[in-house]
Q: 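Supplied in structure tokens, the structure appears directly below.
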Amino acid sequence: MSIWKYANPTQFMRTSAWLLPGLSVLAALCVATGLVWGFFFTPDDFRQGSTVKIIYLHVPSALMAINAWLMMLVASLIWLIRRHHVSALAAKAAAPVGLVMTVIALATGAIWGEPMWGTYWAWDPRLTSFLILFLFYLGYIALWQAIETQDTAADLTSVLCLVGSVFALLSRYAVNFWNQGLHQGTSVPVATGERSVADVFFVPLVFSMVGFGLLFVALVLLRTRTEIRSRRLHALLARERAADTRVAPNTPPSESPTS
Amino acid sequence: MIALLRRDLALAIRAGGGFGLGLAFFLILCILVPFGVGPDSGTLAKIAPGILWVGALLACLLSLDRIFQLDFEDGTLDLLATAPLPLEAVATTKALAHWITTGLPLTLAAAPLGQLLNLPAAAMPALVLGLALGTPALSVIGTFGAALTVGLKRGGLLISLLVLPLYMPTLLFGADAARRGAEGLETTTPLLLMTGISAASLALLPFATAAALRMNLR
Amino acid sequence: MIALLRRDLALAIRAGGGFGLGLAFFLILCILVPFGVGPDSGTLAKIAPGILWVGALLACLLSLDRIFQLDFEDGTLDLLATAPLPLEAVATTKALAHWITTGLPLTLAAAPLGQLLNLPAAAMPALVLGLALGTPALSVIGTFGAALTVGLKRGGLLISLLVLPLYMPTLLFGADAARRGAEGLETTTPLLLMTGISAASLALLPFATAAALRMNLR
Amino acid sequence: MEFSAQNLACRRGDAVVLSEVTFAVSQGEALILRGPNGSGKTTLLRCLAGLTPAVSGSLSFSPDDVAYAAHADGLKAQLTVAETLRFWAQVFGTRRIEAALDAFDLRGLMERRTQTLSAGQKRRLSLARLILTGRTLWALDEPTVSLDTSAVAQFAAAVRTHLAGGGAAIIATHIDLGLRDAATLDIGQFRATQSVAHDPFLDEALS
Amino acid sequence: MEFSAQNLACRRGDAVVLSEVTFAVSQGEALILRGPNGSGKTTLLRCLAGLTPAVSGSLSFSPDDVAYAAHADGLKAQLTVAETLRFWAQVFGTRRIEAALDAFDLRGLMERRTQTLSAGQKRRLSLARLILTGRTLWALDEPTVSLDTSAVAQFAAAVRTHLAGGGAAIIATHIDLGLRDAATLDIGQFRATQSVAHDPFLDEALS
Ligand code: HEM
Ligand SMILES: Nc1ncnc2c1ncn2[C@@H]1O[C@H](COP(=O)(O)OP(=O)(O)OP(=O)(O)O)[C@@H](O)[C@H]1O
Ligand SMILES: Nc1ncnc2c1ncn2[C@@H]1O[C@H](COP(=O)(O)OP(=O)(O)OP(=O)(O)O)[C@@H](O)[C@H]1O
Ligand SMILES: [Mg+2]
Ligand SMILES: [Mg+2]
């Protein structure tokens, strides 16, 4: 028994059906605990006031936005090397979730930016590289949508994901270089490191992060199941069509040697 | 390979080919921007390096969608794929032809057009050198994008969406080098980094391009 | 005509169609410019109206070449020309479909993208109103350019050359209105002039477009 | 009604290809155009359909009576068979696509994108369009390309139905369609000679 | 040498169209593929040419032995006939285009842009390309489309010359080519049944 048996759609459907309810409940619990605790039972920050509480949405979504891309990269590699359909579909399923996470991170960041920096948007390196990530997600999803033949779409998006990952890393580096070079750092307080987060804020943050992680896994499982069902439907329809054309009047049903 | 390159160049030069038009687009953009932004020469000088780079990038982008599209539509790509030429060579040749018809003229035209936008003279060497080193990467990356979308009708804009994020590092380093040049700072680091990107793309991307082509023809 | 409009919209929305991609291009351009120009928000605010207009114009431009090209290549245009629909109606419908898939989304997206470029809030109404009034002209003029170049392989860049000068007045008035808005001046005059251009193009250009189509099919 | 041409001269690109073309087809009749490759069959049909104006000569009918089918299929890869037919039906002001579907046996393919059709299936679809036009004179350019034997028979049946309903047809083809009492016109005899093709730039050189 | 396929299954788009295709052609022989529209002739030829990998089964030859000619001509409108042939000659590593010009009677058209050729002339040009490839197995998809009778005879002669020189040919066609002792393969019998086409997504639905 290898791990690859889960790459069989049927096996995947069975296992995920068993996993999904528990996972969803756990994710909901963690997210709810983290957010409620964070929003209502932590003190206001002495400098940032209550705006600091947006961190419970901002940081987890930002982390998941990056992790989703990593997961897609791994899934794409598996598809290219071992051609397991489920992994291609899992990559496809993860993309919109990652996109939404990116949008949440961007939106909460922008909302946070207004009181903190006095502007919704500044060309800070970290924000900028998130914007680029957003573009990668858009392109990836658009390519999936554009190609009709499913296996070809899986192939091409996988290649895009591989090449895109390399360039995403390069961009991240280039963006840092670009803004440092302008000596703009002082007017733009870069999001600070963890050391600025005191324990009272930290514990609910951990809950929230774990919750978002579980939520991501649950959503991807759910969406993968939907994709599998949709592919199944597709295959059934195709077969019905094939049956239709065979009884068409000008093509007499041929005796197939194998039937 | 040489035959293919020669044919692509011949096609570009013939009536309705793309030669010189990328250049014309670049020129027109450089004329448009002052109209859009207003004629204040201080502002123009400040944004000139960036606009020139963005213009070069867009001129490249506009000519991408037909790198493979025409060959695909009339069936030539099928025939090339069954020819004794490896598809990697086809990909490289196509990128080279694209560079010769787009990147090279852009590089040569950047200096006079910089004048139009009040680009400080000090920025000129970094700009031209940057374009010379960076446009090959634009062509190679663009060819990859074109291979991904070959076979899609109206793939033109989809290519833009796919390729622009990939263009980002080149653009950042290139524009940064030109801007540093304008301010009299040293420009070696961004130029070196950009050369690295160009070299790596040239060495590796044709394989991805060929793979994408194969998948698309299937 | 309604059938043709519906078909064009259906084609645009289907896989590989152009819908939303013009928008995506606009978005990408607005992201690129700060990369090229540098992140200084003062400079950005100053050039934002111009860049937004140039961006809208380029997004239109990029989607022009396929207005008739695809129909020409697969022979549909011949069939349409022999159909009971007058070619003037075909031209108007094509322009309308182009506007719905490009100009309209651009207008709607301009406000959020203005934020990205630090566009002053005071400039917003003039910008959005200007786009709403000006993009129809862009579509109609572009359709004319597309009709002139239909049948030319790689007509894409040639269209840009032909059409950009025609776009100039719209761009000038549009960007001017937005800039005046940013400075708190009154914006009625440029907007009115632009509306005039749009109305006149809408009324007259379809005839020129139809004539150009007829000549090209001959 | 009779569809006829008198001393027609047609150009293709810069060259006058045909001259002195004269023929007549009555309602209920078909005319088969024959001639080697490059003799000008396509040129003539485009001229009849009004796509290229005649250089000289006259036609007894307007291009609005003509339904033209070209070498190219004119199909949109992204539309389904049913959508394609419905679109053309609307353009020609009808709603009923059943007759067209039945004549070329397309019912089984209705929901398929035209992209995924084989060459012969595409051709059948583009021929089905003719039935929707409701026009009297069909001008067809090698309609049976890529069709298999049974589809060719379907096509011949469709033409016969059209003729029986008072239509007429001019068909360029290299193969035998099995339309028995159709007249044949050899296009080779109308090849334009230099003296006929008035070129203002040659007048002086020749005189 | 023998060119053969064993239990080949081929896909087109998402669907497996053919399965259990088995045939053999020796040098000097031609095989005619027959079958109604949409039966999978194009699919099979693309598979033989290596454009779509086979789903299962095996081929006794490599795609590098195959010269493929598709439904589409693959010509560039802006190049002349001579330039087109010279380009393909260089791609396939030869220089002599005379044989190709003569076989399809193209000498008179050498300096014409392919844009200005008629449908049949284009087709002759694209067939002439085959002679330049120097490959043993010709895989031709309806090569005689738009050709007139004399051009079809030219084509048949070219195939015979190729066979006599030790070549082989697999030709999908709906018409009679006049190649007397060519074997015929009816592709209809290989239509894939669902049970053969393994679709991992149907496993559960079926079991
Ligand atoms: C649209 C705008 C923004 C984006 C895309 C963004 C992106 C990110 C990302 C990717 C992370 C987590 C990755 C890491 O820890 O390295 C992060 C963390 C953080 N961000 Fe933002 N951010 C934005 C705006 C803001 C604003 C306005 C503030 C407030 C000053 C802010 C404060 C923080 C803080 C405090 C963290 C936590 C750092 C940590 O715990 O490591 N961010 N942001
Ligand atoms: N666009 C063009 N410009 C100039 N000459 C052309 C053009 N198209 C075709 N010709 C020439 O005009 C002549 C007539 O072409 P036409 O296409 O009418 O022939 P055809 O009878 O339809 O041939 P086929 O049976 O091969 O389709 C040919 O000699 C051809 O080379
Ligand atoms: N791109 C595609 N995607 C999905 N199915 C396709 C595609 N192309 C063709 N098909 C289908 O595959 C089957 C085989 O098509 P193919 O083109 O091989 O037929 P053919 O024998 O060449 O027919 P013809 O004589 O009409 O050329 C047909 O039923 C067709 O509808
Ligand atoms: Mg013809
Ligand atoms: Mg076929």
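The shown structure was predicted, so the numbers you read here are calculated from the model rather than taken from an experiment. The basis for the numbers below is simple: all heavy atoms, side chains too, and nothing from hydrogens, waters or symmetry mates. Every chain is numbered from 1 and lettered A, B, ... according to where its sequence line falls, protein lines coming before strand lines.
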Q: Mind checking whether A/Val175 and B/Met168 have side chains closer than 4.5 Å, heavy atoms only?
A: no
Q: Which residues, numbered in order, of residues 207-217 of chain B come under 4.5 angstrom of chain A by heavy-atom distance?
A: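 Result: B/Ala208, B/Ala212, B/Met215, B/Asn216.
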Q: Heavy-atom pairs under 4.5 Å with chain A are the metric here; pick the option from B/Ala175, B/Pro169, B/Ala200 that has the most.
A: B/Pro169
Q: Side chain from CB out, backbone as N, CA, C, O: work out which of these in A/Leu80 comes under 4.5 Å of a heavy atom of chain B, or both, or neither.
A: side chain
Q: Determine the option with the most heavy-atom pairs under 4.5 angstrom with chain B, choosing from A/Val163, A/Ile132, A/Thr157, A/Leu133.
A: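 Highest number of heavy-atom pairs under 4.5 Å: A/Val163.
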Q: With a 4.5 angstrom heavy-atom cut-off, which part of B/Leu193 approaches chain A: side chain, backbone, both or neither?
A: side chain
Q: Where on B/Leu164 is there a heavy atom nearer than 4.5 Å to chain A: the side chain, the backbone, both, or neither?
A: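 For B/Leu164, there is no contact with chain A at all, as no heavy atom is under 4.5 Å.
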Q: Can you give me the closest heavy-atom contact between B/Pro165 and A/Ser171, atom names plus distance?
A: O-OG, 4.1 Å
Q: Under a 4.5 Å cut-off applied to non-hydrogen side-chain atoms, are A/Phe167 and B/Ser201 in contact?
A: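 Yes, side chains in contact.
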Q: Test of understanding: with ring pair (Phe, Tyr, Trp, His ring centres under 6.0 Å), list the residues that count as partners of A/Phe136, not counting sequence neighbours.
A: A/Trp69
Q: Is it true that, when you exclude A/Lys92 itself, more than 12 heavy atoms of the residues, nucleotides or ligands shown sit nearer than 6.0 Å to its NZ?
A: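 Result for NZ/A/Lys92: enclosed.
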Q: For B/Leu158 versus A/Ala142, what's the shortest heavy-atom pair and its separation?
A: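 Here B/Leu158 and A/Ala142 meet closest at CD1-CB, 3.6 Å.
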Q: Given side-chain contact (heavy atoms from CB on, under 4.5 Å), test A/Leu143 with B/Leu162 step by step and report yes or no.
A: CA-CA 8 Å; A/Leu143 192 61; B/Leu162 295 180; 3.9 Å; yes
Q: State which residues pass ring pair (Phe, Tyr, Trp, His ring centres under 6.0 Å) with B/Phe144; sequence neighbours excluded, sorted by chain then number.
A: none
Q: Rounded to the nearest 0.5 Å, how far does CG of A/Leu160 lie from CG of B/Leu166?
A: 7.0 Å
Q: Is any residue of residues 114-134 of chain B within less than 4.5 Å of chain A by heavy atoms, and which ones?
A: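 Heavy-atom contacts from residues 114-134 of chain B to chain A are absent.
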Q: Using non-hydrogen atoms and a 4.5 Å limit, figure out which bit of B/Leu204 sits close to chain A: side chain, backbone, both or neither.
A: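 Neither part.
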Q: Of all of A/Ala168, A/Gly139, A/Gly164, which one pairs up most often with chain B through heavy atoms under 4.5 Å apart?
A: A/Gly139
